[in-house]
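Remarks on the structure that follows.
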Amino acid sequence: MTDPMVEDGELVGMGLRVPVSPVQTAFYIFLVILGILGNSTVIGVIGKSVITDHVGGNNSDIIIINMALSNLLVSVMRNIPLVISDIGLELYSSKEWCQVLMGVWVWLRSVNVWSTLFLSAFHLQTLRRVTPMGTRNGPQGLPKTLLLILALIWLLNFVYSIPAHIFSTNGDMNTTETLMLVSSTTRPLLGCVWNFPSIYSGLAYATTSMVIHETIPIILMAFTNMGSLYTLYTHSRVRSSAEDGPVIKRVPAERRAAKVILTLIMLFIVSWGTSIISVNYFNYNRGSSAEFLLVIARFANIIFIAMSPAVLAFGHRRLRSFVKSTLSY
């Protein structure tokens with residue numbers, strides 16, 4: 001959806017470009033590099049352990065690899081072009097490439113949010129399986145059900161991204177962005193903008209996306225986090241009556257894992273929630289704070305990608321060992 005005139009901001013080939021200071025640009029570049037290096041390390045270290053375990057690896061490790069892969073792809077496909085743009089290179093795309101890129105951006109960001117939700121839900125289920133009321137059987141071979149669920153996450157979100165392919169185009173010197181989605185972009189990039197038939201259809205898609213794709217996952221993550229905390233509280237109450245039970249001995253390890261995953265999910269909720277508030281203020285209000293909030297949304301989008309490997313390094317044994325050996329070397 002386009003608008004030929006705009007009062008504030010610079011009219012360039014990439015649309016309404018939010019001005020950023022050199023300090024902000026440098027900090028953003030640092031976060032992008034940190035995210036690429038960190039998520040590559042997570043994939044390499046944990047992926048190697050999954051391959052060499054010969055039993056299919058820990059299920060949570062496979063989910064973490066999937067989440068880190070989506071983080072890495074977002075950084076490479078979306079954040080690197082943003083960095084190139086910020087250092088002064090104006091890149092442009094044809095209509096066909098814009099349709100491909102907008103679809104890919106929406107697809108990868110969508111996979112990112114649902115992969116994080118799946119990690120939270122899977123950990124809650126794991127905690128419930130290690131209670132005295134149930135048993136926990138280790139994985140034998142590749143977990144086919146888990147791999148099927150992850151494949152469905154990628155497939156269904158690909159279907160969700162199809163409208164981004166259809167309703168996008170390349171802008172020109174007088175084109176400015178008037179609609180933004182958390183799942184795709186916080187400003188025009190490579191000259192690509194939305195091109196809905198009308199303002200109402202564009203807002204309808206943005207609202208539907210906000211409710212189904214952007215708000216519901218955060219609410220579900222909050223509930224799974226509360227469920228994990230309650231389950232851990234239940235574990236601590238039964239420990240005194242069954243200290244020697246083999247299941248209860250797993251509680252300290254699950255508690256340590258829970259702290260890491262809960263921190264990870266809370267980081268995602270804060271960063272994603274900030275983006276939702278900021279971008280939708282731009283979509284529906286356009287007040288005096290819109291430009292500032294778009295800058296906030298831009299950094300909120302990268303914070304989780306950049307910081308999640310650091311959070312994992314504190315709690316994941318193999319990652320922690322790898323970091324210690326690297327630093328000591």
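No hydrogens, no waters, no symmetry mates; every other heavy atom, side chains included, goes into these values.
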| remark: Rounded to the nearest 0.5 Å, the CD1 atom of Ile36 sits from the CG atom of Leu73 at a distance of 10.5 Å

| Taking C-beta and beyond as the side chain, do Asn79 and Val83 meet within less than 4.5 Å on heavy atoms? | no

| query | Where the side chain of Thr224 meets the backbone of Met221, is there a donor-acceptor pair that is under 3.5 Å apart? | reply | yes

| message | Test of understanding: clusters of I, L, V, M, F, W, Y form through side-chain heavy atoms closer than 4.5 Å, transitively. Do Leu156 and Val104 belong to the same one? | response | no

| request: Write down the atom of Gly103, the atom of Ser161, and the distance for their closest heavy-atom approach. | output: O-CB, 3.4 Å

| request: With rounding to the nearest 0.5 Å, note down the distance linking CD1 in Ile303 to CG in Leu31. | output: 5.0 Å

| remark: All heavy atoms of Asn157 vs all of Trp107, minimum pair found to be C-CD1, 3.5 Å

| query | Hey, what do you get for CE (Met67) to OG (Ser60), rounding to the nearest 0.5 Å? | reply | 10.5 Å

| task | State yes or no: do Ile261 and Ile219 share one hydrophobic cluster built from I, L, V, M, F, W and Y residues joined by side-chain heavy-atom distances below 4.5 Å, directly or via other members? | result | no

| request: For residues Leu117 and Phe268, determine if any side-chain heavy atom of one lies less than 4.5 Å from a side-chain heavy atom of the other. | output: no

| Is there a donor-acceptor pair under 3.5 Å between the side chain of Asn39 and the backbone N or O of Ile305? | yes

| query | Any chain of hydrophobic side-chain contacts (each under 4.5 Å) joining Leu147 to Leu152? | reply | no

| Given side chains that start at C-beta, do those of Trp114 and Ser70 come closer than 4.5 Å, heavy atoms only? | no

| field | Non-hydrogen side-chain atoms of Leu150 and Ile62 separated by less than 4.5 Å | value | yes

| How close do Phe322 and Thr41 get, heavy atom to heavy atom, and via which atoms? | CE2-CG2, 3.5 Å

| task | Check Ser228 against Leu262 and note the closest heavy-atom contact, atom names and distance. | result | CB-CD2, 4.1 Å

| task | Calculate, to the nearest 0.5 Å, the distance between atoms CZ and NE2 belonging to Phe118 and His123 respectively. | result | 13.5 Å

| Inter-residue atom distance Leu312.CG - Asp61.CG, 0.5 Å rounding | 10.0 Å

| Should we say atom CE of Met307 is surrounded by more than 12 heavy atoms from elsewhere, each under 6.0 Å from it? | no

| query | Looking only at heavy atoms, what is the nearest atom pair of His165 and Gln99, with distance? | reply | O-CG, 3.1 Å

| message | Using 0.5 Å steps for rounding, measure from the OG atom of Ser49 to the CD1 atom of Ile65. | response | 6.5 Å

| query | Can you tell me if Ser120 uses its side chain to pair, donor with acceptor, with the backbone of Thr116 under 3.5 Å? | reply | no

| Between the side chain of Arg318 and the main-chain N/O of Ile46, is any donor-acceptor distance below 3.5 Å? | no

| Going by the angle between their ring planes, with limits at 30° and 60°, are Phe30 and Phe27 parallel, tilted or perpendicular? | parallel

